[in-house]
Amino acid sequence: MTNAYVLVEQIEGRVDPVTVELITAARVFGEVTAVVVGEPDTATAVAADLGAIGADDVVAVEVTGVYNRLILPAVDALHILAAQSPAPIIISANASGNEIAGRLAARLASGVLIDVVGINADRTAVHSIFGDTIEVSAAVGGAAPIYTLRAGAVEGVEVASTARLATLDIPVATAKDVTVNRFSPSTRGDRPELPAAKVVIAGGRGVGSAENFGEVLEPLADALGGAVGATRDAVDLEYYDGAYQIGQTGVTVSPDVYIGLGVSGAIQHTSGMQTARKIIVINNDEDAPIFQIADLGVVGDLFEIVPQLIEEINKRK
Ligand SMILES: Cc1cc2nc3c(=O)[nH]c(=O)nc-3n(C[C@H](O)[C@H](O)[C@H](O)COP(=O)(O)OP(=O)(O)OC[C@H]3O[C@@H](n4cnc5c(N)ncnc54)[C@H](O)[C@@H]3O)c2cc1C
């Protein structure tokens, strides 16, 4: 019998590193069952990788055309498992994870806590609210309480084991199910996913144009193997795509290093990045509020500094 379920996050058929954080958080309950949903022959293929990072059991759910059915296969799989053997369920706090959590909570009549930053053995969890200035504890009911965990909130600790592998069949799609026939390719290229990136280069209104994002920010991100983010003003001005907005109404990031370029530091932005381990900012206004939370602040013109920074980084590679 399992003590907790984790829904495995994947990137292009591989286990997303954020899964280590989910498994680490789930381990407070005891043995962890990792549930991996994918195309035929892909879910079973990652079982050994999941054992190597701490899963005690792996349930592989292999469905043809799984991605065209969006989140429904994951909801079906977790519903079947938790209805048979109830236990806490831990899912990543992203758009699809939160949607899966809500649907599961309705199906299982369980409580759900969204975007938690810590989970305790007594089934309470911690939320970080008001722009990460206050932490609150919340309790959740039901035999299979559901949590979505913010990326970067828990330090992932790998505990190698040999996972036992089982497979699970879920109901086939019916004519009533929504299926997607075509996806537009992602525009992020080879850069890491923003919420889980270890290095984030964020651009604000001070970057000045979409061209400058491409010519100044993206080369810095690529030199450091990081992801690019943007403020809401930069998004509103169409300098960068809205999917990359950091802050209260965007993505929350918690990287090892955040570099803010031409970002003033409004609370709505800093609430989405202030848990970064090191905050470096370049701004030509020495009174910009972002300097108050910076570990390293450089007062200057980003267009003079960033090219020199890239040159120096590349020299040291
Ligand atoms: C309900 C609500 C929700 C919001 N949600 C979000 C959110 O999720 N995310 C978010 O980011 N914002 C959000 N905002 C907007 C937020 O309040 C700010 O307006 C926004 O974050 C400011 O963006 P910015 O720092 O790019 O622009 P600005 O505040 O205009 O700052 C630009 C900075 O660039 C500097 N600069 C200019 N030129 C240069 C140069 N050459 N070199 C170096 N520095 C330079 C300037 O000194 C300035 O400090 C929200 C607002 C509201 C009301």
Side-chain angles (χ1 to χ4, degrees), residues 92-95 97-98 114-115 117 127-134 148 150-153 188 191 193-197 199-221 223-224 226-255 257-276 278-313:
S92 195
N94 51 36
N98 291 338
I114 297 290
D115 194 33
V117 295
H127 283 113
S128 183
I129 62 166
F130 295 142
D132 284 334
T133 54
I134 296 177
T148 68
R150 187 183 294 181
R188 72 183 168 89
R191 295 189 193 99
E193 292 282 350
L194 181 57
V199 176
V200 169
I201 316 298
R205 183 192 284 267
V207 175
S209 68
E211 291 71 34
N212 292 341
F213 262 83
E215 287 165 19
V216 181
L217 258 84
E218 288 184 343
L220 180 58
L224 292 169
V228 175
T231 65
R232 178 152 144 184
D233 285 23
V235 168
D236 288 348
L237 290 161
E238 299 187 357
Y239 296 171
Y240 221 65
D241 192 280
Y244 301 90
Q245 181 184 313
I246 295 169
Q248 186 184 312
T249 44
V251 174
T252 298
V253 296
S254 210
V257 181
Y258 163 99
I259 303 181
L261 306 173
V263 174
S264 63
I267 180 77
Q268 294 88 355
H269 181 75
T270 57
S271 66
M273 48 61 69
Q274 65 191 7
T275 51
K278 285 275 176 263
I279 297 174
I280 300 171
V281 298
I282 302 173
N283 194 306
N284 61 8
D285 172 8
E286 63 180 32
D287 295 323
I290 192 112
F291 285 120
Q292 289 166 17
I293 59 162
D295 295 289
L296 174 67
V298 181
V299 179
D301 184 345
L302 73 94
F303 299 105
E304 283 174 23
I305 297 164
V306 173
Q308 294 178 53
L309 191 56
I310 295 170
E311 202 183 314
E312 198 58 41
I313 292 164

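Both counts, for ligands and for their atoms, begin at 1 and track the order of listing. In this text the structure is predicted, and so the values were computed from the model without any measurement. For the single chain, residues carry numbers from 1 onward in sequence order.
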Atom pair CG/CG of Leu309 and Leu302 - distance to nearest 0.5 Å: 11.0 Å
In the protein, what heavy atom is nearest to atom 27 (O) of ligand 1, and what distance, to one decimal place, separates them? Arg205 CB, 3.5 Å
If you measure from each heavy atom of Gly250 to ligand 1, is any distance below 4.0 Å? yes
As an exercise, identify every atom of ligand 1 less than 4.0 angstrom from a heavy atom of Asp301. 40 (C), 41 (N), 42 (N)
Interatomic distance, CE@Met273 vs OG1@Thr231, rounded to 0.5 Å, equals 11.5 Å
To the nearest 0.5 Å, atom CD1 of Ile129 lies from atom CD1 of Ile134 at 5.0 Å
Would Leu302 count as being in polar contact with ligand 1, using the rule that some N or O on each side must be under 3.5 angstrom apart? yes
Between Tyr240 (side chain only) and Gln245 (backbone N and O only), is there a donor and an acceptor less than 3.5 Å apart? no
So CG of Asp301 and CG of Asn283: to nearest 0.5 Å the spacing works out to 10.0 Å
With a cut-off of 4.0 Å, which atoms of ligand 1 are near a heavy atom of Asp233? 18 (C), 19 (O), 20 (C), 22 (C), 23 (O), 26 (O), 27 (O)
Which bit of Ile246 is near ligand 1, meaning a heavy atom under 4.0 Å away: side chain, backbone, both or neither? backbone
Closest non-hydrogen protein atom to atom 49 (O) of ligand 1, residue and atom name please, with distance? Asn283 ND2, 2.9 Å
One finds that the ligand 1 atoms under 4.0 Å from a non-hydrogen atom of Ala266 are 16 (C), 17 (O), 18 (C), 21 (O)
Do the side chain of Thr148 and the main chain of Asp115 share a donor and acceptor less than 3.5 angstrom apart? yes
Ligand 1 versus Ser264, non-hydrogen atoms closer than 4.0 Å: side chain, backbone, both, neither? both
As an exercise, state the distance from CD of Glu218 to CD1 of Ile201, rounded to the nearest 0.5 Å. 11.0 Å
Looking only at protein heavy atoms, what sits closest to atom 24 (P) of ligand 1 is Thr231 OG1, 3.6 Å
Taking Asn212 for its side chain and Leu217 for its backbone only, find out whether a donor-acceptor pair lies under 3.5 Å. no
Could you list the residues that satisfy salt bridge (Lys or Arg N to Asp or Glu O under 4.0 Å) with Asp295, not counting sequence neighbours? none
Please compare Gln245, Gln268, Glu286 and report which has the shortest non-hydrogen distance to atom 50 (C) of ligand 1. Gln268
Which residues share a salt bridge (Lys or Arg N to Asp or Glu O under 4.0 Å) with Glu286, sequence neighbours left out: none
Can you tell me which residue and heavy atom of the protein come closest to atom 3 (C) of ligand 1, and the distance to 0.1 Å? Arg232 NH1, 3.1 Å
Provide the closest heavy-atom pair for Ala234 versus Gly203 in the form atom of the first, atom of the second, distance. CB-O, 3.8 Å
Heavy-atom contacts with Gly206 under 4.0 Å: which atoms of ligand 1 show up? List them by number with element. 32 (C), 34 (O), 36 (N), 37 (C), 38 (N), 39 (C)
Please identify which atoms of ligand 1 are closer than 4.0 Å to at least one heavy atom of Phe303. 41 (N)
Write out the residue and atom name of the closest protein heavy atom to atom 5 (N) of ligand 1, then the distance separating them to 0.1 Å. Thr249 OG1, 2.7 Å
Residue and atom name of the nearest protein heavy atom (relative to atom 33 (C) of ligand 1), distance in Å to one decimal: Gly262 O, 3.3 Å
Identify, for atom 39 (C) of ligand 1, the protein heavy atom at the shortest distance, and state residue, atom and that distance. Asn284 ND2, 3.3 Å
Enumerate the atoms of ligand 1 whose separation from the nearest heavy atom of Gln248 is less than 4.0 angstrom. 7 (C), 8 (O)
Here the atoms of ligand 1 under 4.0 Å from any heavy atom belonging to Gly204 are 26 (O)
Spatial distance of atom CZ (Phe303) from atom CG (Leu261) [nearest 0.5 Å]: 9.0 Å
Which ligand 1 atoms, with their elements, are less than 4.0 angstrom from a heavy-atom of Gly300? 42 (N), 43 (C)
